[in-house]
Amino acid sequence: MFDWIIDQVRDGGYVGVALLMFGENLFPPIPSELIMPLSGFSAASGKMNLFLVILAGSVGSLLGALFWYFVGRWIGSENLTRFTVRHGRWLTLTPQDIDTACAWFNIHGGRAVFFGRLIPGVRTLISVPAGIARMRLGGFLIWSALGTVLWSSILAVAGYLLEDQYQKVAGWIGPVSNIVIAVLVLWYLYRVATFRRRVPKT
């Protein structure tokens with residue numbers, strides 16, 4: 001995959017960067033931690049412009065976030081509530097949890113989206129509850145764009161400064177991503193195992 005990403009950035013230019021970052025949101029194994037630093041290195045070598053690299057990466061990533069936002073809107077809280085009545089254990093959710101989460105998201109959704117876009121392993125997932133809670137599209141775009149531009153800028157600038165050692169960025173962030181994913185998996189398994197204790201008795 002590493003060589004393939006290099007080819008896409010080299011041959012596709014800014015469009016290639018945008019498409020890769022769009023794909024990273026749809027298919028997380030494509031790592032932004034490698035795409036943007038590599039693009040930043042290309043800017044440092046004079047082949048691309050750093051500002052346009054950040055812009056292209058941010059646009060592609062934001063389009064991917066929008067995709068999952070509309071998936072959440074399509075699912076909707078009512079459909080999700082009906083699903084949890086029968087299969088809530090595997091989502092580790094009860095109908096009451098969904099109501100609480102939507103109410104919380106209506107209050108804190110902007111900050112959740114902003115910080116979520118900065119956390120590896122959560123960046124893509126945060127768009128789905130935003131859509132389910134029917135967060136206003138304008139607010140979602142603003143907060144998601146702020147987090148996305150900051151994330152893309154950090155990675156691209158790091159690659160720009162490190163130049164041909166840009167792979168170190170993925171080496172630093174990769175373990176953090178793995179830890180976050182491992183914590184999420186363990187938390188999910190814990191919630192599945194203790195689900196019956198949290199279901200209100202009728």
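Predicted, not measured: the structure shown is a model, and the values here were computed from it.
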Worksheet item: Are any side-chain N or O atoms of S45 and backbone N or O atoms of S42, one a donor and one an acceptor, separated by less than 3.5 Å?
Response: yes

Item to complete: Following the transitive rule for hydrophobic clusters with a side-chain heavy-atom cut-off under 4.5 Å over Ile, Leu, Val, Met, Phe, Trp and Tyr, establish whether L19 and L155 coincide in one cluster.
Response: no

Worksheet, complete the sentence: Shortest non-hydrogen pair, R73 vs M135, comes out as NH1-O, 3.9 Å

Worksheet item: side chain to side chain contact (heavy atoms under 4.5 Å, CB included) between Y69 and V128: does it pass, once the steps are laid out?
Response: CA-CA 5 Å; Y69 169 83; V128 177; over 6 Å; no

Practice prompt. Specify the closest pair of heavy atoms between M21 and G57, including all atoms of both residues, with the distance to one decimal.
Written response: CB-O, 3.5 Å

Worksheet item: Hey, quick one: are I107 and I126 part of the same hydrophobic cluster, counting side-chain heavy atoms closer than 4.5 Å, chains of contacts allowed?
Response: no

Discussion item. For residues I54 and V15: do they belong to one hydrophobic cluster (side chain heavy atoms under 4.5 Å, members Ile, Leu, Val, Met, Phe, Trp, Tyr)?
Written reply: no

Worksheet item: What's the shortest heavy-atom distance between A145 and L62, and which atoms?
Response: N-CD1, 3.9 Å

Worksheet, complete the sentence: Scanning both residues in full, the closest heavy-atom pair of S127 with R117 reads OG-NH1, 4.4 Å

Worksheet item: Rounded to the nearest 0.5 Å, what separation is found between the CZ atom of F114 and the CZ atom of F140?
Response: 14.0 Å

Worksheet entry | Short side-chain to backbone donor-acceptor contact, S39 and I35, under 3.5 Å | yes

Item to complete: Give a yes or no on whether L150 and L55 share a hydrophobic cluster (residues Ile, Leu, Val, Met, Phe, Trp, Tyr; joining criterion: side-chain heavy atoms under 4.5 Å apart).
Response: yes

Discussion item. A side-chain contact here means heavy atoms from C-beta on lying under 4.5 Å apart; do L137 and L66 qualify?
Written reply: yes

Item to complete: Side-chain contact test, heavy atoms from C-beta onward, threshold under 4.5 Å: evaluate it for V59 versus F22 and give yes or no.
Response: no

Worksheet entry | Minimum heavy-atom distance A130-V113, with the two atoms named | CB-CG2, 4.2 Å

Fill in: Smallest separation among heavy atoms of M36 and V53, with atom names
CE-O, 3.6 Å

Item to complete: Test N25 against F67 for side chain to side chain contact (heavy atoms under 4.5 Å, CB included), laying out the working first.
Response: CA-CA 9 Å; N25 281 264; F67 172 84; over 6 Å; no

Worksheet entry | Heavy-atom donor-acceptor pair, W151 side chain to L146 backbone, under 3.5 Å | no

